[in-house]
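A short worksheet on the structure shown next.
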Amino acid sequence: MDKIRVRFAPSPTGFLHVGNVRTALFNWLFARQNKGTFVLRVEDTDAERSSVEYEDNLITSLKWLGLDWDEGPESGGPFGPYRQSMRQDIYSPYTQRLLEEGKAFYCFCDPEELERNRKEAMASGKMPIYSGKCRTISIKEAKDRQAKEKTAVVRLKTPDEGTISYKDIIRGHLSFDLKLIGDPILVRSNGRPAYNYAVVIDDALMKITHIIRGEDHISNTPRQLLTYEALSMEPPQFAHLSMVMGQDNTRLSKRHGATSIDQFDKDGILPESLFNYLALLGWSHPEEKEILTKSELVKAFNLNHLSRSAAIFDYDKLHWLNRQHIKVLSTRDKAEKACPFLKAVGFMPEKMSDEIWAWLGEAVEDLIEGADRFSDLPEKFSPFFDFNPEDMDRESREILETECGRKVVTLLSAKISHTEQFDYDIFASFAKEIKDETGCKGKDLFHPLRIALTARTSGLKLDRFIYLVEEGVRLSFPRPIKSCTQRIAEVLDFMG
RNA sequence: GCCCCUGUCGUCUAGCCUGGUCUAGGACACCGCCCUUUCAAGGCGGCAGCACGGGUUCAAAUCCCGUCGGGGGCGCCA
């Protein structure tokens, strides 16, 4: 069997979203699994809507996700160019041949007239199909007219009877009634190839063996098959992927939140998490394993076992997977991933010293527990850098006003004022003494103690918190960490 | 409107091809318990589904037909 070649052919007319990227990912998995070739082809023929900005975004997003391609716009390859706008002159020899062989013809129909026909057909409950009106114009007459008017499009002559069918890798046998397929436009009146024509020639020339694309292309397939046939070219195999939907079961769009790939990075989702999640949307591991690395996915992936029905994108599950992938990161990696998020809120300095990296590493190990995303971290770090009794919530204030609250904080303050070096052991012995002296215990004891140190009712375990605060006091953060002694003093002061 | 695809817990899915082993398995979410003198995480457990209606068959989630629901397509867009 020939070496497998697949392609991802996006048009740079918007930010890459999860549906498209999943298509890219399945192509990539299939290529890598079969030691085949993954081609990136940019379909930028629509000059109106395409932009370099989107193309850059597309490439950045694919790379971020960990997809690499063997042939593509910047890397080149034996079947280039890989940017469709640079392939304009390769189509016309094929068009001439089809015209000469009588497999295609010039059509002079007015677009407005066609539009009218379409509307009429729909209104009378029929499928709108090109009438075949210009088929009978002789090639000589057509060429003369075209030379003068330059308004003709080239259409493929398709059979009027029978069916065309093929075997889809995912959906099995699919067949279409030829009566319902009009003569598709191959070349527009401005001389540029239409999509359905360009893809066929590009895919054929690039020797693509498997076309893995979205379900929205199913109805293009019979037209493309007919084109391959007219061209006497061997068609590739097709696999049509189900769509990815938003939570409300409608087509993915901006209002569904983070559907553009770069947004996931901004939200603190690891690329390997998105990768893993997207692979699981429509495919499942034979042993139903869910937390999978890229190489495990390459090994286990199977194009034949894809779901045929659309899937809803579920952020909860993505976040859960993200947590699993974060967990196995090294301390250093966790710290590095966390750093930009903490810099953004001014917790970390622009220039990180070794001491601060070390502190951050320890802190991250404690605080990432139970966090879904790195973007959760600023909130989790705020007890260190944003300590201010004024900002306490109602619950904390109320606890401080209780009898135990007042007694515990006052006593703690008195005890700590005699202490040079504070640590958790000292804190623990204070706590025991306070318990004995006040009779406050359990929640009544530990809640006020926590509030005195953090100005919050919940958070990190206090042994780790005290350790990190006392370590952090000595480091130069943009917003210095206040010592435990100072915190307690401020809370007491606040209580009046 | 017409054509095509699709329909298992709220969500992602296993099972369907090769009917019985399915009183339908797993995961996320949710609920409860345990752990923890907080919250989360973690451990354990629970709730919850074969869209509906007809066939075929001794037997149907699995095969056939219909209905309904969802999606896609019907461009000189890609």
Side-chain angles (χ1 to χ4, degrees), chain A residues 9-14 43-46 48-50 84 107 109-111 114-115 118-119 121-130 151-155 168 170-172 174-177 179-182 184-196 198-199 214-222 240 242-243 245 247 249-251 277 280-291 305 307-321 323 327 367-372 376 380 431 435 441-447 449-451 454 456-462:
Chain A
S11 46
T13 54
E43 313 228 315
D44 57 349
T45 44
D46 187 346
E48 300 277 293
R49 296 192 298 145
S50 298
Q84 212 169 46
C107 170
C109 291
D110 174 42
L114 294 171
E115 181 59 28
R118 242 192 312 272
K119 284 200 174 126
M122 285 211 211
S124 62
K126 283 188 215 128
M127 186 118 159
I129 300 151
Y130 171 71
T151 55
V153 298
V154 178
R155 285 180 188 271
D168 192 281
I170 297 170
R171 282 151 213 281
L174 254 35
S175 106
F176 304 84
D177 191 342
K179 277 201 285 287
L180 302 171
I181 296 171
I185 290 178
L186 263 22
V187 183
R188 299 183 275 204
S189 56
N190 64 9
R192 311 187 78 172
Y195 167 78
N196 273 311
V199 256
E215 191 182 19
D216 47 342
H217 285 287
I218 289 183
S219 49
N220 281 328
T221 312
H240 286 99
S242 58
M243 309 259 83
M245 317 287 278
Q247 297 85 336
N249 210 331
T250 63
R251 201 174 187 174
Y277 177 70
L280 252 26
L281 221 49
W283 172 84
S284 65
H285 189 274
E287 289 155 45
E288 300 199 66
K289 285 186 186 150
E290 306 218 77
I291 303 159
H305 284 115
S307 161
R308 287 155 305 173
S309 56
I312 292 174
F313 193 90
D314 181 11
Y315 288 92
D316 282 334
K317 187 132 187 183
L318 170 66
H319 292 163
W320 173 77
L321 273 172
R323 203 153 68 220
K327 235 186 243 178
L367 292 166
I368 201 72
E369 276 282 309
D372 284 336
D376 291 342
K380 299 220 171 218
K435 180 176 141 192
K441 57 182 181 181
K443 240 182 172 159
D444 289 339
L445 173 66
F446 281 88
H447 250 143
L449 289 175
R450 172 175 289 282
I451 294 166
T454 68
R456 287 162 179 79
T457 48
S458 69
L460 188 56
K461 283 187 191 308
L462 284 178

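All chains are named by letter (A, B, ...) in the order of the sequence lines, taking the proteins before the strands, and each is independently numbered beginning at 1.
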Could you list the protein-to-nucleotides 14-19 of chain B atom pairs, N/O on both sides, closer than 3.5 Å?
none

Report each atom pair, protein N/O against N/O of nucleotides 64-66 of chain B, whose distance is under 3.5 angstrom.
none

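- Minimum atom distance to the side chain of A:M127 is reached by B:C3, of the listed B:A78, B:G71, B:C3.
- Taking atom CG of A:D216 as the reference point, atom P of B:A78 lies 14 Å away to the nearest angstrom.
- Side-chain atoms of A:N196 and A:P184, non-hydrogen and from C-beta on, never get closer than 4.5 Å to each other.
- Looking at heavy atoms from C-beta onward, A:D314 lies out of side-chain contact with A:W320 at the 4.5 angstrom threshold.
- Rounded to the nearest 0.5 Å, atoms CE (A:M245) and CG (A:L281) are 11.5 Å apart.
- At a threshold of 4.0 angstrom between heavy atoms, the contacts of A:C109 include nucleobase atoms, whether or not backbone atoms are also involved.
- A distance of 12.0 Å separates CG in A:L280 from OG in A:S307, rounded to the nearest 0.5 Å.
- Looking at A:S284 and A:H305, their side chains never bring a donor and an acceptor atom within 3.5 Å of each other.
- Between A:R155 and A:V187, every side-chain heavy-atom pair lies at or beyond the 4.5 Å cut-off.
- Between the CD atom of A:E215 and the C1' atom of B:U6 there is a distance of 7 Å, rounded to whole Å.
- Across all strands, A:D177 comes closer than 4.0 Å to no nucleic acid atom at all (heavy-atom distances).
- Pairing for B:C58 goes to B:G20, judged as Watson-Crick or G-U wobble with the two contacts each under 3.5 Å.
- Salt bridge absent: A:E215 and A:R308 never bring a charged side-chain N and a carboxylate O closer than 4.0 Å.
- Between A:D46 and A:Y195, the closest side-chain pair of non-hydrogen atoms is not below 4.5 Å.
- Base engagement by A:S189 is indicated by at least one non-hydrogen atom pair under 4.0 Å involving a base atom.
- Of the side-chain N and O atoms in A:R118, one or more sit less than 4.0 angstrom from OP1 or OP2 of B:G75.
- Two residues are said to be in side-chain contact when any heavy atoms from C-beta on lie closer than 4.5 Å; A:R450 and A:T457 fail this criterion.
- Checking B:G75, B:G73, B:C76 against every side-chain atom of A:P128, the shortest atom distance belongs to B:G75.
- At whole-Å resolution of the value, CG in A:L462 and C1' in B:U37 are 10 Å apart.
- Across all strands shown, A:T45 has heavy atoms under 4.0 Å from sugar-phosphate atoms exclusively, and none from any base.
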Would you tabulate the nitrogen or oxygen pairs shorter than 3.5 Å linking the protein to nucleotides 41-51 of chain B?
unit_1, atom_1, unit_2, atom_2, d
B:A41, O2', A:E369, OE1, 3.2

Query - Derivation of the salt bridge (Lys or Arg N to Asp or Glu O under 4.0 Å) call for A:E290 and A:K317 - result: CA-CA 10 Å; A:E290 306 218 77; A:K317 187 132 187 183; 3.1 Å; yes
Requested in this report: Determine, step by step, whether A:I129 and A:R118 satisfy the side-chain contact (heavy atoms from CB on, under 4.5 Å) criterion, reporting the C-alpha distance in whole Å, the side-chain angles of both residues, the deciding distance to 0.1 Å, and the verdict.
Outcome: CA-CA 7 Å; A:I129 300 151; A:R118 242 192 312 272; over 6 Å; no
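- Counting to the nearest Å, the P atom of B:G1 and the CE atom of A:M122 are 12 Å from each other.
- Looking at heavy-atom distances under 4.0 Å, A:L321 makes no contact with the nucleic acid at all.
- Remark: A:E288 pairs with no residue by the side chain to side chain contact (heavy atoms under 4.5 Å, CB included) rule, at least two apart or across chains.
- Here the C1' atom of nucleotide B:C4 and the NZ atom of A:K179 are 16 Å apart, to the nearest Å.
- In this structure, A:H240 atom NE2 and B:G71 atom P are separated by 20 Å, rounded to whole Å.
- Within 4.0 Å of A:S458, counting heavy atoms only, lies at least one base atom of the nucleic acid.
- No side-chain N or O of A:D316 forms a donor-acceptor pair with one of A:H319 less than 3.5 Å apart.
- Look at B:G1: its Watson-Crick or wobble partner, with both distances under 3.5 angstrom, is B:C74.
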Which pairs, protein N/O on one side and nucleotides 30-36 of chain B N/O on the other, fall under 3.5 Å?
none

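- For the pair A:I170 CD1 and B:C5 C1', the interatomic distance rounds to 12 Å; values are reported in whole Å.
- Distance, A:L318 CG to B:A27 C1': 14 Å, rounded to whole Å.
- Take A:L449 and apply the side chain to side chain contact (heavy atoms under 4.5 Å, CB included) test, not counting sequence neighbours, and it matches A:V408, A:L412, A:F427, A:A431, A:I434, A:L445, A:F446.
- Residue contacts shown for A:G459 include a base, since a base heavy atom lies under 4.0 Å away.
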